[in-house]
Amino acid sequence: MESIRKWEQGEAVPMDLLLLADPSEQKVKEYYQKGEMYIAEINNHVVGVYVRIQINEITTELINIAVSEDWQGKGIGKRLVEHSLHTARQAGYKRIEVGTGNSSLDQLALYQKLGFRMEHIIKDYFAEYNQPIIENGIVCRDMVRLAQEL
C-alpha cells in the first residue's frame, strides 16, 4: 500500500530520487533544506519524493518531484502532485508554481492535466549545468514555468 508522508529531519535523504528530477546535487541540497519534503512509500520502500518551498506568503513552488524508475507509469507522480496541491491549500497558499524542462514531455502533460497553465519560459536555464540533459531525444535548454491558482 502506498502512503505519502512528510520527511523528518534526521531520516536518510532520498538523494538518488531527487537527482532524477534535478542533476545538480548542490542545488538539490540548497532547496530541500529550506523546503518541505514528502516521500511516497510502498511497503516501507521510498518510491517517490517531492519538495515544496515558499516563494512568498501566498505562493509556493513545487521545486522537485521524482518517482523511482521502477515505479514510473503507475500513477505515483500524479498522486504526489495532487498531494502537493492539497498540502499547499492546507498551508494557506493561494498559488502554486512549478518549472520543468522543455524536453520533459510527460511532466508537461501531467501538470496540465492537473490544472497547471503555462506562464512563461526561461531561456537557457539549463545551460549552466555541467553536462547536457537529453530527454525524449530533445536537448533540455529552457525551463517552462507553469502555475495554478489554489
Side-chain angles (χ1 to χ4, degrees), residues 2-42 44-69 71-72 74-131 133 135 140-150:
E2 176 191 332
S3 66
I4 300 173
R5 66 173 178 82
K6 192 170 185 179
W7 174 82
E8 298 295 332
Q9 198 77 293
E11 282 187 78
V13 175
M15 189 60 73
D16 56 334
L17 287 176
L18 293 165
L19 291 173
L20 287 176
D22 187 336
S24 170
E25 189 168 345
Q26 177 184 341
K27 285 187 180 210
V28 168
K29 284 180 181 176
E30 287 172 11
Y31 60 65
Y32 89 72
Q33 293 174 343
K34 68 179 182 180
E36 291 186 331
M37 184 163 39
Y38 291 84
I39 58 174
E41 296 177 312
I42 295 177
N44 296 318
H45 178 69
V46 177
V47 297
V49 63
Y50 78 84
V51 178
R52 192 173 46 72
I53 63 169
Q54 180 176 359
I55 302 298
N56 57 44
E57 293 77 28
I58 63 167
T59 305
T60 186
E61 180 176 356
L62 178 56
I63 197 153
N64 187 311
I65 180 166
V67 175
S68 171
E69 291 175 358
W71 290 93
Q72 290 177 7
K74 296 176 175 24
I76 295 168
K78 178 181 178 184
R79 288 192 286 285
L80 285 168
V81 174
E82 289 171 338
H83 190 271
S84 75
L85 296 171
H86 176 74
T87 60
R89 279 187 200 98
Q90 279 189 320
Y93 291 107
K94 304 294 181 209
R95 176 181 168 86
I96 187 167
E97 299 179 357
V98 68
T100 194
N102 61 282
S103 56
S104 301
L105 305 180
D106 291 339
Q107 293 88 332
L108 284 166
L110 174 64
Y111 295 138
Q112 291 177 87
K113 286 177 186 176
L114 294 176
F116 285 85
R117 302 281 314 271
M118 288 187 199
E119 293 212 322
H120 63 276
I121 294 171
I122 303 172
K123 291 189 177 196
D124 296 319
Y125 179 87
F126 295 101
E128 67 184 62
Y129 285 77
N130 293 335
Q131 57 190 20
I133 302 167
E135 298 175 291
C140 183
R141 292 187 178 103
D142 307 322
M143 178 183 283
V144 180
R145 298 290 301 173
L146 301 97
Q148 180 177 152
E149 301 305 316
L150 297 171

Can you find a pair of side-chain heavy atoms, one from [X] and one from [Y], that are under 4.5 Å apart?
X: K29; Y: M15; result: yes
X: I121; Y: N102; result: no
X: Q107; Y: V98; result: no
X: V46; Y: E41; result: yes
X: Y32; Y: I63; result: no
X: F116; Y: V81; result: yes
X: I76; Y: I42; result: yes

What closest approach, in Å, do [X] and [Y] show between heavy atoms, and which atom pair accounts for it?
X: I4; Y: R79; result: CD1-O, 3.8 Å
X: T60; Y: I53; result: OG1-O, 2.7 Å
X: D142; Y: D124; result: OD1-N, 2.7 Å
X: P14; Y: V49; result: CG-CG2, 4.0 Å
X: E11; Y: K6; result: OE2-O, 4.2 Å
X: I133; Y: P23; result: CD1-CG, 3.7 Å

Give a yes or no on whether [X] atom [atom1] has more than 12 heavy-atom contacts from other residues, nucleotides or ligands under 6.0 Å away.
X: E69; atom1: CD; value: no
X: Q26; atom1: CD; value: no
X: H86; atom1: NE2; value: no
X: W7; atom1: CH2; value: yes

Inset, instruction - Start with the C-alpha distance between K34 and E30, add both sets of side-chain angles, then the distance that settles salt bridge (Lys or Arg N to Asp or Glu O under 4.0 Å), and finish with yes or no. - result: CA-CA 7 Å; K34 68 179 182 180; E30 287 172 11; over 6 Å; no

Legend entry - Flag, side chain of N64 to backbone of V51, donor-acceptor distance under 3.5 Å: no

Inset, instruction - Kindly say whether R52 contributes a backbone atom to a donor-acceptor pair with the side chain of E36 at under 3.5 angstrom? - result: no

Inset, instruction - Go through the steps to decide whether L19 and E25 satisfy the test side-chain contact (heavy atoms from CB on, under 4.5 Å), and finish with yes or no. - result: CA-CA 7 Å; L19 291 173; E25 189 168 345; 4.0 Å; yes

Nearest 0.5 Å please: distance from the [atom1] atom of [X] over to the [atom2] atom of [Y].
X: M143; Y: I122; atom1: CE; atom2: CD1; answer: 5.5 Å
X: L80; Y: I65; atom1: CG; atom2: CD1; answer: 4.5 Å
X: D16; Y: L20; atom1: CG; atom2: CG; answer: 7.0 Å
X: S84; Y: Y93; atom1: OG; atom2: OH; answer: 12.0 Å
X: M118; Y: L146; atom1: CE; atom2: CG; answer: 6.0 Å
X: E149; Y: R117; atom1: CD; atom2: CZ; answer: 11.0 Å

Inset, instruction - Step by step, work out the side-chain contact (heavy atoms from CB on, under 4.5 Å) result for R141 and F126. - result: CA-CA 5 Å; R141 292 187 178 103; F126 295 101; 5.8 Å; no

Legend entry - V144 vs Y111, side-chain contact (heavy atoms from CB on, under 4.5 Å): CA-CA, chis, key distance, verdict: CA-CA 11 Å; V144 180; Y111 295 138; over 6 Å; no

Inset, instruction - Begin with the C-alpha distance, continue with both residues' side-chain angles, and end with the deciding distance and a verdict on side-chain contact (heavy atoms from CB on, under 4.5 Å) for I58 and R95. - result: CA-CA 6 Å; I58 63 167; R95 176 181 168 86; 5.6 Å; no

Legend entry - Full working for side chain to side chain donor-acceptor pair (under 3.5 Å) between Y50 and H83: CA-CA 9 Å; Y50 78 84; H83 190 271; 2.7 Å; yes

Inset, instruction - Go through the steps for R145 and E119 under the test salt bridge (Lys or Arg N to Asp or Glu O under 4.0 Å), then give the verdict. - result: CA-CA 6 Å; R145 298 290 301 173; E119 293 212 322; over 6 Å; no

